[in-house]
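Inspection log for the structure reproduced underneath, given as structure tokens.
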Amino acid sequence: MPLLPASPPPLSLSRSLAAAAAASRRGRAVTCAAARGAASSSSASFDAAGFEAERLRLDAEARAGMASAAAVAGAEAADPKAWKWAIRKRVWDALEAEDVARDPRPVHHRIPNFDGAAAAADSLGRLDVFQDAQCVKVNPDSPQKQVRFLTLSGDKKLLTPQPRLRTGFFSVLESHMIPIGCIPEACTSVGAAKYGRPIGLDEKIKVDLIVIGSVAVDPSTGARLGKGEGFAELEYGMLRYMGSISDSTMIVTTVHDKQLVNDIPVEKLLVHDVPVDIICTPTQVIFTNTTIAKPQGIYWEKLSPEKLGQIRILQELKRHIESETGTTLPCGPSEKLPPTAQRRRRKRRR
């Protein structure tokens, strides 16, 4: 488990703004506010308030569902997911109890934001694997905001998923697509949707590095736990299907030191669970030398009808594969929808 010593004091997102503006000089002598008036018709007509309201609604709905699933798993000792929820709860509780959690709070049922997230990101930014990458896929969660900022301000291509894949697939962003001074806004979910270019499954794009959020990670094995929804695994599987990544594509996570654990049983991981090659914390960089096999695609036999019904891009992919092969793909066991989703569906049928 090779370690790198703590890096020099990191440059935070706010302190990086002046340097980023200078680095992105393109002769565009306009401010972000002025640029909004001169933006393309697509971004100018973008309903930021509506997008954010829908994102927050879906976020609340999903967290309610995860809380319900965690309660069921905790009450049933035989539940195969109970051990995962126990580790997640322990980490979430510790981050809150020791006051290293940061907004949005509480961090339970989220990829938790933490004190030092920018420092962890800056340590990643100094690694050769990041500096040599031309295209970086980064999750849309709060603790990885600085990673997205470093990607764009470093003139790299940023690939980021639409939140929960509910409203789309991935968006591609590059600094030349963003008005000067607007990179911080582009690092948010709303900004990525506003300035990014949506792509489909037929996009030819090579991803050089994957940055993934985590709730808990084992530095001795590279085993990782997310917040329990499985979207990181689905995103990885779709990128494998597209030919955008391979086994050699490095996977990095940025976490707080309190999120490092030593009790994730590798033998209980599922075939679609994604391990990590590198862990960056505010104090250290860990190369896990993981031997856990990386997923080879989407495991349809593990995907419930309910999850499939929530994600339009997966439905499209399933239809495409079935049409091409002339076969019917398997489907996983049913799962209970969150109560909030069930109520919403009944309401719509009235």
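Note: hydrogens, waters and symmetry copies are ignored here, and every other heavy atom, side chains too, is used.
Applying the salt bridge (charged side-chain N to carboxylate O under 4.0 Å, His left out) rule to E174 yields no partners; only residues at least two apart in sequence or on another chain are considered. Scanning for side chain to side chain donor-acceptor pair (under 3.5 Å) contacts around T328 gives an empty result, with sequence neighbours left out. In this structure K156 satisfies the side chain to side chain donor-acceptor pair (under 3.5 Å) test with no other residue, sequence neighbours excluded. For S323, there are no side chain to side chain donor-acceptor pair (under 3.5 Å) partners at least two apart in sequence or on another chain. F114 meets the ring-ring contact (aromatic ring centres under 6.0 Å, His included) test with H256; sequence neighbours excluded. For D247, the side chain to side chain donor-acceptor pair (under 3.5 Å) test picks out R240, Q296, with sequence neighbours left out.
When the options T160, L159, L158 are evaluated for a side chain to side chain contact (heavy atoms under 4.5 Å, CB included) with V172, the one that passes is L159.
A salt bridge between K157 and D208 is absent, with no side-chain N of the basic residue lying under 4.0 Å from a carboxylate O of the acidic one. With respect to the salt-bridge test (charged N to carboxylate O, under 4.0 angstrom), the residues K302 and E233 do not qualify. Ion pair D103/R110 not flagged as a salt bridge, since none of the NZ, NE, NH1 or NH2 atoms sits closer than 4.0 Å to an Asp/Glu carboxylate oxygen. Between K307 and E335 no salt bridge is recorded (no basic side-chain N to carboxylate O distance below 4.0 Å).
Contact check for I210 versus E235: no side-chain heavy atoms found under the 4.5 Å cut-off. By the 4.5 Å heavy-atom criterion applied to side chains, E203 and F170 are not counted as neighbours. Contact of the T290 side chain with the R224 side chain is not registered, since no non-hydrogen atoms from C-beta on lie closer than 4.5 Å. Side-chain contact between P140 and P161 is present, with heavy atoms from C-beta onward closer than 4.5 Å. Side-chain contact between C182 and Y195 is present, with at least one heavy-atom pair separated by less than 4.5 Å.
Across all their heavy atoms, T249 and K294 have their closest contact at O-NZ, 2.9 Å. Of all non-hydrogen atoms in L152 and C187, the two that sit nearest each other are CD1-SG, 4.3 Å. Taking both residues in full, the closest heavy atoms of R148 and V138 are given as CG-CG1, 3.6 Å, listed atom of the first, atom of the second, then distance.
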Steps toward side chain to side chain donor-acceptor pair (under 3.5 Å) verdict (H176, D155)
CA-CA 8 Å; H176 68 82; D155 286 332; over 6 Å; no
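Put simply, the side chain of Q144 never gets that close to the backbone of I212: no donor and acceptor are under 3.5 Å apart.
Linking ILVMFWY side-chain heavy atoms closer than 4.5 Å, directly or via other members, places I313 and Y299 in two distinct hydrophobic clusters.
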